[in-house]
Amino acid sequence: MKILARILIILTVALIVVGVTIAFAGNSDSSGFPETRESVVQTGSVTTTTSTSTESQAVDQPQEEFSREGHNSPTLFGIVGVLQNLVIISIIVLLFSQGVRLKGVLTRFGSWLHPLKE
Amino acid sequence: MKLVKNQLNQTKVNLAVDSGIFIGFLVADAPHFTGMAIHEWLGIAMGAAIITHLLLHWQWLVAVTRRFLSGTSWQARFNYILNTLLFIDFTLIIFTGLMISEVALPFLGISLGSGGAWKGLHHLAANLALVLVGLHVAVHWQWIVSMVKLYIVTPLGFNGRIWPPRPMPKSSSKEV
């Protein structure tokens, strides 16, 4: 019961974040989303633009996106992306740990200077 | 003794869950490697993983929330703000991912028909997540190193040294 309550709290906070996002996105560009999708469809196949059925548009839309995005199927070369992310995280960890170490050194140096100033 | 044993088990669970989340994040953040289907389903599973992670650290969360404005160190405040940003960012990633879903939601019969700005926000949030996860790992780096040494390196028999391996003890001459 306790765990369920905590999960509900987490989901409530997440819903608040989502609500704020929708509010901001809605205010900034409320008419942009369907136009963008439709423009992608209209620049694609002729059958999509002339078709009046919503189902055919819904089927054609993912295919248009797949052909444009190009990462529908997995590729082994994609592991470069994983390694890239790992390198970026490693660099951040390294910089942070060096920064903390430098802060420690500066703090010790500062405390060493204080007796001389007095 | 039982309390210590429970704490050690809790630490093992934390290490296992955190490692899974980290690896899952690295893989999910590379859709060229996984393909769109695995990318989307893994992203949705990350939501459950993050909820699990928060439940495991609930006591810390409540304690620092109560003491945030008074009676806590700047390190704890920094960590709290970082974790809050991380939570918001992952929520954005998952929400915008659902809005632009091409495999997972259509598989469930849901078609949202959104794109454009949600896609841009999804990419932006994913890039920001990389930085925030990096900082999160950096803040807890000492704990990670200690736990990996304790639960992975030492049980494998390296005992703090990778190379050269510890020489085998010589047998006594009496046995010969």
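Not measured: the values here are computed from a predicted model. Sequence lines set the chain letters: A, B, ... in the order given, protein chains first and strands last, and positions in each chain run from 1. Basis for what follows: all heavy atoms, side chains included, without hydrogens, waters or symmetry-related copies.
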Any L98(B) side-chain heavy atom under 4.5 Å of I44(B) side chain:
yes
Look at the aromatic rings of H39(B) and H122(B) and report parallel, tilted or perpendicular, splitting at 30° and 60°.
perpendicular
Can you confirm whether L26(B) sits close enough to I89(A) that some side-chain heavy atom of one is under 4.5 Å from a side-chain heavy atom of the other?
yes
State, yes or no, whether a side-chain contact exists between I7(A) and L54(B) at a heavy-atom distance under 4.5 Å.
no
Side chain, backbone, both or neither: which part of V80(A) has an atom under 4.5 Å from a heavy atom of chain B?
neither
Heavy-atom cut-off 4.5 Å, strictly under: side chain, backbone, both or neither for F22(B) against chain A?
side chain
Using a 4.5 angstrom heavy-atom cutoff, name the option from V17(A), V20(A), V82(A), V100(A) with the most pairs to chain B.
V82(A)
Only pairs of heavy atoms separated by less than 4.5 Å count here; which of V133(B), L135(B), I94(B) has the most with chain A?
L135(B)
Is I79(A) in contact with chain B via its backbone, its side chain, both, or neither, using a 4.5 Å heavy-atom distance?
both
Could you check which of V18(A), I3(A), L15(A) has the highest count of heavy-atom pairs closer than 4.5 Å to chain B?
V18(A)
Select, from L55(B), I51(B), T52(B), the one with the greatest count of heavy-atom pairs under 4.5 Å involving chain A.
L55(B)
Do F90(B) and L132(B) come close enough that some side-chain heavy atom pair is under 4.5 Å?
no
Taking the six-membered ring where the residue is Trp, are the ring centres of F95(B) and W118(B) under 6.0 Å apart?
yes
Apply side-chain contact (heavy atoms from CB on, under 4.5 Å) to the pair Q10(B) and L56(B), showing each step before the final yes or no.
CA-CA 9 Å; Q10(B) 180 69 29; L56(B) 288 172; 3.6 Å; yes
Examine whether an atom of I38(B) lies under 4.5 Å from a heavy atom of chain A, and if so say whether it belongs to the side chain, the backbone or both; otherwise answer neither.
neither
Determine the option with the most heavy-atom pairs under 4.5 angstrom with chain A, choosing from W141(B), F25(B), W58(B).
W58(B)
